[in-house]
Protein chains: 2
Amino acid sequence: MFSKVLVAEDYEIANQGIIKILNDKIGIHNIEQAKYCDDAYLKFRKAYNDQKAFELLITDLSFKEDHKIQTITSGVELIKGIRSIQPDIKVIVYSQENRPDKINMLFKNFNINGYVCKGQNAVNELIRCVDGVYQGATVQPPELTNSSEINMMIHLDDLDIMLLEKLSHGLTKKEIRTKLKKQNISPNSESAIDKRVSKLFDDFKAKNTTHLIAIVKDLGLI
Amino acid sequence: MFSKVLVAEDYEIANQGIIKILNDKIGIHNIEQAKYCDDAYLKFRKAYNDQKAFELLITDLSFKEDHKIQTITSGVELIKGIRSIQPDIKVIVYSQENRPDKINMLFKNFNINGYVCKGQNAVNELIRCVDGVYQGATVQPPELTNSSEINMMIHLDDLDIMLLEKLSHGLTKKEIRTKLKKQNISPNSESAIDKRVSKLFDDFKAKNTTHLIAIVKDLGLI
DNA sequence: AGCTGAATTACAGAAATCTGTAAGGACATA
DNA sequence: TATGTCCTTACAGATTTCTGTAATTCAGCT
């Protein structure tokens, strides 16, 4: 089993919970924790330079900001930074994020080894995940394999996201059109915008703009 | 110190984290945990009937629904149920909720003894809270005392919340009006609804309904 | 060049939103 | 009873949304 693990998670209680699982259920005792990405990175660097490198990183994705100013602010950046030094370190992401395409992106672009979704069965999932990763497997969460989710099927391009954001900021279609024209972005007629938004209505089964924004806010798409 | 504690929290990792703190940092070892409200309630009943009542309940507010059908679905109901049997049990709420008026409501209406906000400093806050409650104090979170938040100033009554929810579900004002009339809820003219929503526009500095819903979604109000 | 399909644009009408003004009722106070 | 305030309701007009249809452009393909 892994003998040295780094846990990066800003919520202290969750941090403690992970450590308890690693301790009691998996039998890993050499664990260090960090509440901030910068802190995690420093601990990693020090251990690496001392020839006592970590074998596994368990990290959250989003870290709440507070008074401390951080250079690394997200789990993704942390992973990038650590992997650039020690490419073979195993990485498990532990996050609230449950959007399949976002999780998929982590596996594809950052080659993470496992993903555990914060939730009701996180303990067993975490145990399974650590075991699997130790044996060299790539462990995807149930959310990904079972997913018949709406947001997996729907492809949103940059323009769609931009439209949704503008709408959520209360701009009218006319204002959006003006803005697009100013920026020389290609589909910029009011009817083209109408068409696109109508398509989004279909995709998300929304009744009107307000409904649409509520849905994509709930999905965390914007 | 408390000798017997019940922890109700659906996120397993957080659950484990709380137990670890109680164990390691406060020295409480007789702890039971529950992932569901019903489960917590049953454990409480059993202990009470066996003359081995719990002295402290630490509970979350919201419990995610899954396949198991529950009769008690929220921490508030759980508190009500338990207090109706054992009025003097101490209660600490541990939740993500950070709206001052909601937290205040818990102290005022349910006489909870302490509140800890899930967050970066939850460990120390929890320790402080358990200590304080044990000594008979009422322990409010820093969020309550420091808060200069917008949502502290704006008072939303039940009708406001209902309107926002209906709007976020894509209902038109006409549909909302019909629904209110059916349920015999008093202000049910279209213009009354208009007025109320307009007031919300002012409160939240929203430009239109879509913008408004985006804002209150971001604030977590619905 | 000519064809085809997809995307963009223009236009138009019905429905809904947003913003006023005005009138009526409930309620407390003097 | 009279007065003022607050809330509800009615109505109206300008603006915006939503949903069609039809014309135009553009890229890929033969």
Side-chain angles (χ1 to χ4, degrees), chain A residues 150 153-219 221-222, chain B residues 101 153-219 221-222:
Chain A
I150 183 173
M153 318 301 297
I154 301 172
H155 174 68
L156 297 182
D157 62 20
D158 291 346
L159 183 61
D160 289 324
I161 298 288
M162 156 173 262
L163 284 182
L164 289 171
E165 272 169 354
K166 299 281 182 213
L167 288 173
S168 79
H169 293 146
L171 300 196
T172 66
K173 306 222 171 116
K174 210 172 283 181
E175 290 171 320
I176 293 175
R177 178 191 153 209
T178 312
K179 208 152 245 183
L180 289 183
K181 279 210 167 149
K182 254 189 211 163
Q183 296 174 31
N184 258 9
I185 298 175
S186 80
N188 57 29
S189 74
E190 216 161 324
S191 52
I193 296 171
D194 273 354
K195 282 277 187 304
R196 274 197 114 98
V197 175
S198 286
K199 184 169 170 346
L200 293 176
F201 284 177
D202 286 347
D203 289 345
F204 290 102
K205 306 195 197 319
K207 297 177 194 165
N208 52 41
T209 309
T210 304
H211 193 195
L212 175 66
I213 294 301
I215 291 171
V216 297
K217 278 280 178 196
D218 280 343
L219 290 173
L221 264 40
I222 58 172
Chain B
D101 49 350
M153 318 302 295
I154 300 173
H155 174 68
L156 298 181
D157 61 20
D158 292 343
L159 183 60
D160 289 324
I161 297 288
M162 156 174 262
L163 285 182
L164 290 171
E165 272 169 353
K166 299 282 182 213
L167 288 173
S168 79
H169 293 146
L171 301 196
T172 66
K173 306 225 170 114
K174 212 171 280 181
E175 290 171 320
I176 293 176
R177 178 191 153 208
T178 313
K179 209 152 242 184
L180 288 183
K181 279 209 166 150
K182 255 190 208 163
Q183 296 175 30
N184 258 8
I185 297 174
S186 81
N188 57 28
S189 74
E190 215 162 323
S191 52
I193 296 171
D194 272 355
K195 283 276 187 306
R196 274 197 113 99
V197 176
S198 286
K199 184 172 171 341
L200 292 176
F201 285 176
D202 287 346
D203 288 345
F204 290 101
K205 306 196 196 319
K207 296 178 194 163
N208 52 39
T209 309
T210 304
H211 193 195
L212 175 65
I213 294 300
I215 292 171
V216 296
K217 278 277 178 200
D218 280 342
L219 289 173
L221 265 40
I222 57 172

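To find a chain, count down the sequence lines: A is the first, B the second, and so on, and within it residues start at 1.
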Scanning both residues in full, the closest heavy-atom pair of I222(B) with L164(B) reads CD1-O, 3.8 Å
Applying side-chain hydrogen bond (donor to acceptor under 3.5 Å, both in side chains), name anything that partners S191(B), two or more places apart in sequence or on another chain. S189(B)
Under 4.0 Å between a side-chain N or O of R196(B) and OP1 or OP2 of dT8(D)? yes
Separation of dC7(D) P from D194(B) CG (nearest whole Å): 17 Å
Kindly write out the residues that satisfy side-chain contact (heavy atoms from CB on, under 4.5 Å) with K207(A), not counting sequence neighbours, or none if the list is empty. H211(A), L171(B)
Can you measure L167(B) atom CG to dT17(D) atom P for me and round it to whole angstrom units? 15 Å
Rounding to a whole Å, what distance do you find between E190(A):CD and dT19(D):C1'? 14 Å
For a quick test of reading the model: is some side-chain N or O of S191(B) closer than 4.0 Å to OP1 or OP2 of dT9(D)? no
D160(B): side-chain contact (heavy atoms from CB on, under 4.5 Å) partners, not counting sequence neighbours: L156(B), D157(B), R196(B), L200(B)
Give the rounded distance in Å between these two atoms: NE2 of H211(B) and C1' of dT17(D). 18 Å
So, taking the atom named CD in E165(B) and the one named CD1 in I176(B), what distance separates them when rounded to the nearest 0.5 Å? 11.0 Å
All salt bridge (Lys or Arg N to Asp or Glu O under 4.0 Å) counterparts of K199(B), not counting sequence neighbours: D203(B)
Nearest-Å distance, CG (L180(B)) to C1' (dT8(D))? 13 Å
Nearest whole angstrom, please: distance from the P of dC18(D) to the NZ of K207(A). 13 Å
So, using side-chain hydrogen bond (donor to acceptor under 3.5 Å, both in side chains) as the criterion, who are the partners of T209(A) when residues are at least two apart? none
Scan nucleotides 21-27 of chain D against the protein and return all N/O pairs shorter than 3.5 Å with their distances rounded to 0.1 Å.
from, atom 1, to, atom 2, distance (Å)
dT21(D), O4, K195(A), NZ, 3.0

Would you indicate, yes or no, if dC18(D) has its OP1 or OP2 atom less than 4.0 angstrom from a side-chain nitrogen or oxygen of K173(A)? yes
Once side-chain contact (heavy atoms from CB on, under 4.5 Å) is applied, do any residues pair with K174(A), and if so which ones, sequence neighbours excluded? T172(A), E190(A)
Specify the separation, in whole Å, of atom CG of L200(A) and atom C1' of dT17(D). 15 Å
Under the rule for side-chain hydrogen bond (donor to acceptor under 3.5 Å, both in side chains), what residues qualify as partners of K166(A), not counting sequence neighbours? none
At the 4.0 Å heavy-atom cut-off to chain B, mark where contacts on DNA chain C begin and end, going 5' to 3'. dA16(C) to dT21(C)
